[in-house]
*Asks:* 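Handing you a structure now.
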Amino acid sequence: MMPRPHLDPFGQWSFPLPHVHDLDNGMTVWAYHLPGQHIVSCVLVLDLPLNCEPVDRDGIATVVTRLLDGGTQTHPSVSYAEALAEHGIHFEPAVGQSTTQLMIDLPADSLLPGLSLLAEAVKEPVFESNDFLSIQAQVFAEIQRQNSRGSTLASIALRWALLDHNVRISRPTAGNLESIPLITREDVCDFHKQHYSPAGATLIICGDIDPQEASRMASQAFEQWNTAVIPTSVEPIRRGGFPSHVITREDSVQADIRMGWFGIDQNDPRWASLQVATTIMGGSFGSRLNTVLREDRGFTYGVSMSAHPFRQGGYIDVVTSTQTATVKDLLDETREILAASQPFTATEVETAIRYLTLSAPLAFGTAEAVADQASSLAAGQLPLDHITTILSDLACVTVDSAMDAYRELINCAPFSTIVVGGAEISDDVLAS
């Protein structure tokens, strides 16, 4: 028999810190040196909140980002895509509540041409008419397809229930079937001209690169971008009315279920305790919800509970699905578990803390993962050492603090239940 190898205790881990460099045009560069990561991940985070979209033009921010790789003044039409391919660059945009993010992955030796092409996309996009019509139709078709899914309808309805309807983030990020057809190419050009600016933007570069050299390349690529716009602040997140309701999908044999609460952001001192509490209840495979609903009762393939922070505020949700016939039983069991009549145990808290802290090095083991998390820090306007601070805070969570956060934010708070399923599901299932 081979002897078991000796394993040293796991040492303290910290989220990497970047080299920070401010450009003259108002952009900040965060360059992370990650040895061995030869595929570099870059994210340009624009301080462009979703609420700057014009009235009745929900989704225009998404349409604009989809058009950015369709050609520039320097590389018109397909020559831009050809230039990306020549340097092995993958381009991907994303629109969030408080920022627009433009991501590229590329080999380390293509960093300068990659940054130059990214700068072109934001400085001098052409927005050709044919491309605009194609992207508009594509976004519209994607919304149609997503609206045919019960899971998507349930998530949209939950956010609509939890947040004030006058807040832009209460509505789908990519727009809706009414707003997308109203967008014109002129709207797209005006939106870009009025809102795309280096002021307040953060360029994140992660990989096996020299941070100072990467910052120099960023300055070279973006120094001519000096567009000045009137800044728009993120609108405050306000609570909604928390209505619960059933959305009928004819002939559906599966029901998608969402339960949600208005939550907190990561600046709240209860954040670490809430993370432990949601992990115990539904944030891991061995959680209370998953053990009972999946393993013991066989109601579902899985159930999760998560906290979703915005720059200000946020929400907490339970996500699951089940057969139409077992909706009421699943909801009854879920409510009973969420009542938490049995307080958290020391073992549950310790296990949750270990799960959250010891998985961090694996979760952030690639340049892409570090870039993604760094972009979240920029979007939330959080300190560069925020992840390390949270890991330290998690180690200090106690049974009492986790239970207090759970009672304040979930157990004693108003919530909404959304069920999307077959016509035989009645509103009676919503009764507690």
Side-chain angles (χ1 to χ4, degrees), residues 7-22 28-37 40-45 47 96 98-99 101 103 200-212 214-215 263-280 283-284 306-314 316 349-402 404-405 409:
L7 297 178
D8 292 328
F10 183 76
Q12 186 174 5
W13 178 88
S14 299
F15 190 79
L17 292 175
H19 167 78
V20 179
H21 178 65
D22 295 325
T28 299
V29 180
W30 296 353
Y32 291 83
H33 179 216
L34 306 176
Q37 296 293 317
V40 178
S41 289
C42 304
V43 186
L44 177 59
V45 183
D47 191 17
S98 56
T99 61
Q101 301 179 14
M103 296 156 276
T202 303
L203 176 63
I204 298 160
I205 307 172
C206 300
D208 196 347
I209 46 90
D210 179 282
Q212 293 185 334
S215 297
I264 57 177
D265 56 61
Q266 297 184 69
N267 288 305
D268 193 292
R270 297 169 293 179
W271 179 255
S273 294
L274 176 64
Q275 291 297 294
V276 171
T278 55
T279 299
I280 292 171
S284 68
S306 307
H308 307 275
F310 299 134
R311 185 177 290 180
Q312 301 171 6
I316 305 158
V349 171
E350 181 183 356
T351 301
I353 291 173
R354 285 177 58 84
Y355 172 76
L356 292 168
T357 56
L358 296 185
S359 63
L362 179 62
F364 301 122
T366 66
E368 182 179 13
V370 173
D372 182 64
Q373 182 58 62
S375 65
S376 295
L377 297 179
Q381 296 184 340
L382 297 167
L384 291 171
D385 63 351
H386 175 74
I387 301 302
T388 302
T389 300
I390 288 296
L391 292 175
S392 297
D393 292 345
L394 285 168
C396 299
V397 173
T398 65
V399 171
D400 289 340
S401 68
D404 288 345
L409 299 169

*Asks:* With a 6.0 Å cut-off (strictly less than), is the heavy-atom count around CD of Glu368, excluding the residue itself, greater than 12?
*Replies:*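 No, because the 6.0 Å sphere around CD of Glu368 holds 12 heavy atoms or fewer from other groups.
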*Asks:* Report yes if the side chains of Leu382 and Asn267 come closer than 4.5 Å at any heavy-atom pair, otherwise no.
*Replies:*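 Leu382 vs Asn267: side chains touch.
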*Asks:* Below 4.5 Å, heavy atoms only, C-beta onward: do Val370 and Ser41 meet side chain to side chain?
*Replies:* no
*Asks:* So which heavy atom on Ser98 is nearest to which on Asp47, and how close?
*Replies:* O-OD1, 3.9 Å
*Asks:* Can you find a pair of side-chain heavy atoms, one from Leu274 and one from Asp268, that are under 4.5 Å apart?
*Replies:* no
*Asks:* Minimum heavy-atom separation for Gln275 and Ala307, please, with both atom names.
*Replies:*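 Nearest heavy atoms, Gln275 then Ala307: NE2-CB, 3.8 Å.
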*Asks:* Mind listing the closest non-hydrogen atom pair of Pro16 and Leu34 along with its distance?
*Replies:* CG-CD2, 4.1 Å
*Asks:* Is there a side-chain contact between Pro383 and Thr389 (heavy atoms, below 4.5 Å)?
*Replies:*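 A side-chain contact is absent here, since even the closest heavy-atom pair is not under 4.5 Å.
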*Asks:* Identify the heavy atoms of Val29 and Ser215 that sit nearest to each other, and give their distance.
*Replies:* CG1-OG, 3.9 Å
*Asks:* Heavy atoms, side chains only, cut-off 4.5 Å: are Asp210 and His33 in contact?
*Replies:* no
*Asks:* In Å, rounded to the nearest 0.5 Å, how long is the span from CG of Leu409 to CD1 of Ile264?
*Replies:*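 The CD1 atom of Ile264 is 5.0 Å from CG of Leu409, to the nearest 0.5 Å.
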*Asks:* Determine the minimum heavy-atom distance between Asp265 and Gly313, stating which atoms define it.
*Replies:*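 Nearest heavy atoms, Asp265 then Gly313: OD2-N, 2.9 Å.
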*Asks:* Any chance you could measure Leu17, atom CG, to Thr388, atom OG1, to the nearest 0.5 Å?
*Replies:*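 Nearest 0.5 Å value for the CG-OG1 distance: 6.5 Å.
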*Asks:* If you round to the nearest 0.5 Å, how far is CG of Asp372 from CE of Met103?
*Replies:* 7.5 Å
*Asks:* Test your reading of the model: is there a side-chain donor-acceptor pair from Thr278 to the backbone of Gly283, 3.5 Å cut-off?
*Replies:*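 Here the side-chain-to-backbone pair does not exist.
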*Asks:* Residues two or more places apart in sequence or in another chain: which of them pass ring-ring contact (aromatic ring centres under 6.0 Å, His included) with Phe15?
*Replies:* Phe364
*Asks:* Which atom names give the shortest non-hydrogen contact between Ala374 and Trp30, and what distance separates them?
*Replies:*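 For Ala374 and Trp30, the tightest heavy-atom pair comes out as O-CZ3, 3.5 Å.
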*Asks:* Any sub-3.5 Å donor-acceptor pair from Ser359's side-chain atoms to Tyr355's backbone N or O?
*Replies:* yes
*Asks:* Return the CG to OG distance between Asp385 and Ser14, rounded to the nearest 0.5 Å.
*Replies:*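 Here the rounded value is 9.0 Å.
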*Asks:* Measure the shortest side-chain to side-chain distance between Gln381 and Arg311 over non-hydrogen atoms and say whether it is less than 4.5 angstrom.
*Replies:*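 They are in contact (side-chain heavy atoms under 4.5 Å apart), so the answer is yes.
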*Asks:* Which value, rounded to the nearest 0.5 Å, describes the distance between Gln373 atom CD and Tyr32 atom OH?
*Replies:* 8.5 Å
*Asks:* OG1 of Thr398 to CD1 of Ile353: how many Å apart, nearest 0.5 Å?
*Replies:*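 Output value for this atom pair is 8.5 Å.
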*Asks:* Would you say Thr99 and Gln101 are linked by a side-chain donor-acceptor pair, where the criterion is simply a distance under 3.5 Å?
*Replies:* yes
*Asks:* Do the non-hydrogen side-chain atoms of Asp393 and Ile390 ever get within less than 4.5 Å of each other?
*Replies:*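 Touching, per the 4.5 Å side-chain cut-off.
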